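Report on one structure; see the data block that follows.
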Amino acid sequence: MMNLIRITEPGDIRLQRLIPLYEEAFPENERRDIKQLQCLILEKPEMHFNAIECDDTLAGLFIYWDLHDFYYMEHLAVFSQMRNLKVGQQVLDYIAEHLSGLRLLEVEPTMDEMTTRRVKYYERNGYEILDKSYIQPSYRDERDAGNLWIMGNHRTERLQEFIERIKQVIYRDNYR
């Protein structure tokens, strides 16, 4: 059985076990500084840092933001030894069932087999490419902004408004 357990304290032992996965799964320019992440867990109720547990075993992490009109799915990572249990699939099924409404996420453009597989995976799970011109703001001052694609579970006329909110709330307000 799969559960999402929200982490609300930086001292949570699950968080300490998930930090190495977070650092391994996402390159430095695609993730926050750990101290900043810990502060956001305490200070930003709209950010949901979740431990994924499968049959009472820590399996990964899922971070999303509840931005009222939509959800922004920021990070999903599963420990390699848990991938054969299709934990990522279970999380996407859980999300579809529990986060009703528009869900947006960023993906790398298809440039190789891995990025193509990732986009196809989300498409098989009901997501579609909504914007190929999105420029992700820099996570860190010394890093360049990068081109990513926005995917979502359905189209919206308010996409550009929502993209601006992602840039403001997720990046500008919480990275600098």
Side-chain angles (χ1 to χ4, degrees), residues 2-19 21-23 25-53 58-78 87-88 90-108 122 125-131 134-141 143 145-146 148-176:
M2 197 274 311
N3 287 316
L4 293 183
I5 301 165
R6 185 169 183 188
I7 294 175
T8 58
E9 294 292 328
D12 189 310
I13 190 68
R14 290 173 292 236
L15 178 62
Q16 303 313 311
R17 293 180 52 210
L18 290 168
I19 286 173
L21 173 63
Y22 180 72
E23 292 176 329
F26 304 100
E28 185 177 7
N29 65 334
E30 292 182 17
R31 61 180 155 83
R32 292 184 181 83
D33 173 80
I34 299 306
K35 292 204 181 302
Q36 183 183 45
L37 181 67
Q38 292 169 331
C39 286
L40 291 174
I41 287 170
L42 277 175
E43 298 170 4
K44 296 292 179 177
E46 61 271 30
M47 186 186 92
H48 296 251
F49 188 112
N50 297 282
I52 303 167
E53 288 193 352
L58 189 62
L61 65 92
F62 172 53
I63 302 170
Y64 73 90
W65 292 72
D66 181 347
L67 298 175
H68 304 293
D69 296 315
F70 66 99
Y71 297 98
Y72 169 68
M73 298 166 39
E74 187 172 23
H75 290 106
L76 171 61
V78 175
V87 173
Q90 291 178 49
V91 172
L92 289 180
D93 291 346
Y94 179 94
I95 292 165
E97 185 178 330
H98 292 90
L99 300 182
S100 62
L102 180 64
R103 298 179 302 275
L104 300 175
L105 60 106
E106 302 166 343
V107 294
E108 294 172 292
Y122 283 114
N125 283 282
Y127 294 83
E128 60 183 299
I129 299 166
L130 301 178
D131 187 327
Y134 173 73
I135 302 297
Q136 178 194 51
S138 174
Y139 274 74
R140 302 170 193 276
D141 289 333
R143 303 283 183 206
L148 294 175
W149 291 351
I150 295 288
M151 294 187 78
N153 61 317
H154 62 79
R155 297 198 171 276
T156 175
E157 293 179 5
R158 297 175 65 193
L159 182 62
Q160 291 309 311
E161 172 192 340
F162 294 160
I163 285 173
E164 287 307 311
R165 192 166 338 148
I166 290 169
K167 289 178 178 180
Q168 185 64 44
V169 173
I170 310 302
Y171 295 100
R172 294 182 189 123
D173 290 353
N174 293 308
Y175 283 103
R176 302 272 161 72

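Note that the numbering runs from 1 along the sequence shown for the chain. Note that these values count all heavy atoms, side chains included, but never hydrogens, waters or copies made by symmetry. Keep in mind it's a predicted model, so treat the numbers as computed, not measured.
Note that CG of Leu102 and CG of Leu159 are 8.0 Å apart. Values are rounded to the nearest 0.5 Å. The distance from the CD1 atom of Ile7 to the CZ atom of Arg14 is 6.0 Å, given to the nearest 0.5 Å. If you take CZ on Phe49 and OH on Tyr22, they are separated by 7.5 Å, rounding to the nearest 0.5 Å. In this structure, the separation between CG on Leu67 and CD on Gln168 is 11.5 Å, given to the nearest 0.5 Å. For the atom pair CG of Leu104 and CG of Leu130, the computed distance is 6.5 Å after rounding to the nearest 0.5 Å. A distance of 12.0 Å separates CD of Gln136 from CD1 of Ile163, quoted to the nearest 0.5 Å.
Side chain to side chain, Arg165 and Tyr72 fail the donor-acceptor criterion of an N or O pair below 3.5 Å.
Nearest heavy atoms, Ile19 versus Ile34: CD1-CG2, 3.5 Å. For the pair Glu46 and His48, the tightest heavy-atom approach, listed with the atom from each and the gap, is O-CD2, 3.3 Å. Shortest non-hydrogen contact noted between Gly60 and Leu18 is O-CD2, 3.3 Å. Minimum heavy-atom separation, Leu42 to Pro10: CG-CD, 3.6 Å. Taking each heavy atom of Ile41 and Glu9 in turn, the nearest pair found is CG2-N, 3.8 Å. When all heavy atoms of Lys167 and Pro137 are compared, the pair lying nearest together is CG-CG, 3.7 Å.
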Given Tyr134 and Ile166, is the side chain to side chain contact (heavy atoms under 4.5 Å, CB included) satisfied, shown in steps? CA-CA 11 Å; Tyr134 173 73; Ile166 290 169; 3.9 Å; yes
Could you check Tyr122 against Leu92 for side chain to side chain contact (heavy atoms under 4.5 Å, CB included), going step by step and ending with a plain yes or no? CA-CA 9 Å; Tyr122 283 114; Leu92 289 180; 4.1 Å; yes
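In this structure, Tyr127 contributes its side chain and Arg103 its backbone to no donor-acceptor pair below 3.5 Å. Within the 3.5 Å criterion, the main-chain N or O of Gly101 finds a donor-acceptor partner in the side chain of Asn153. In this structure a side-chain-to-backbone donor-acceptor pair under 3.5 Å is present from Asp33 to Lys35. Judged purely by atom type and a 3.5 angstrom limit, Asn50 uses its side chain to pair as donor or acceptor with the backbone of Phe62.
Here the side chains of Glu161 and Thr156 are not in contact, with every heavy-atom distance at 4.5 Å or above. A heavy-atom distance below 4.5 Å is found between the side chains of Leu76 and Ile52. In this structure, the side chains of Met47 and Leu37 come closer than 4.5 Å at one or more pairs of heavy atoms. Annotation: side chain of Val169 is not in contact with side chain of Lys44 (no heavy-atom distance under 4.5 Å).
More than 12 heavy atoms of other residues, nucleotides or ligands sit less than 6.0 Å from atom CZ of Arg6.
Note on ring orientation: taking the six-membered ring where Trp is involved, the planes of Phe26 and His75 are perpendicular (angle over 60°, cut-offs 30° and 60°).
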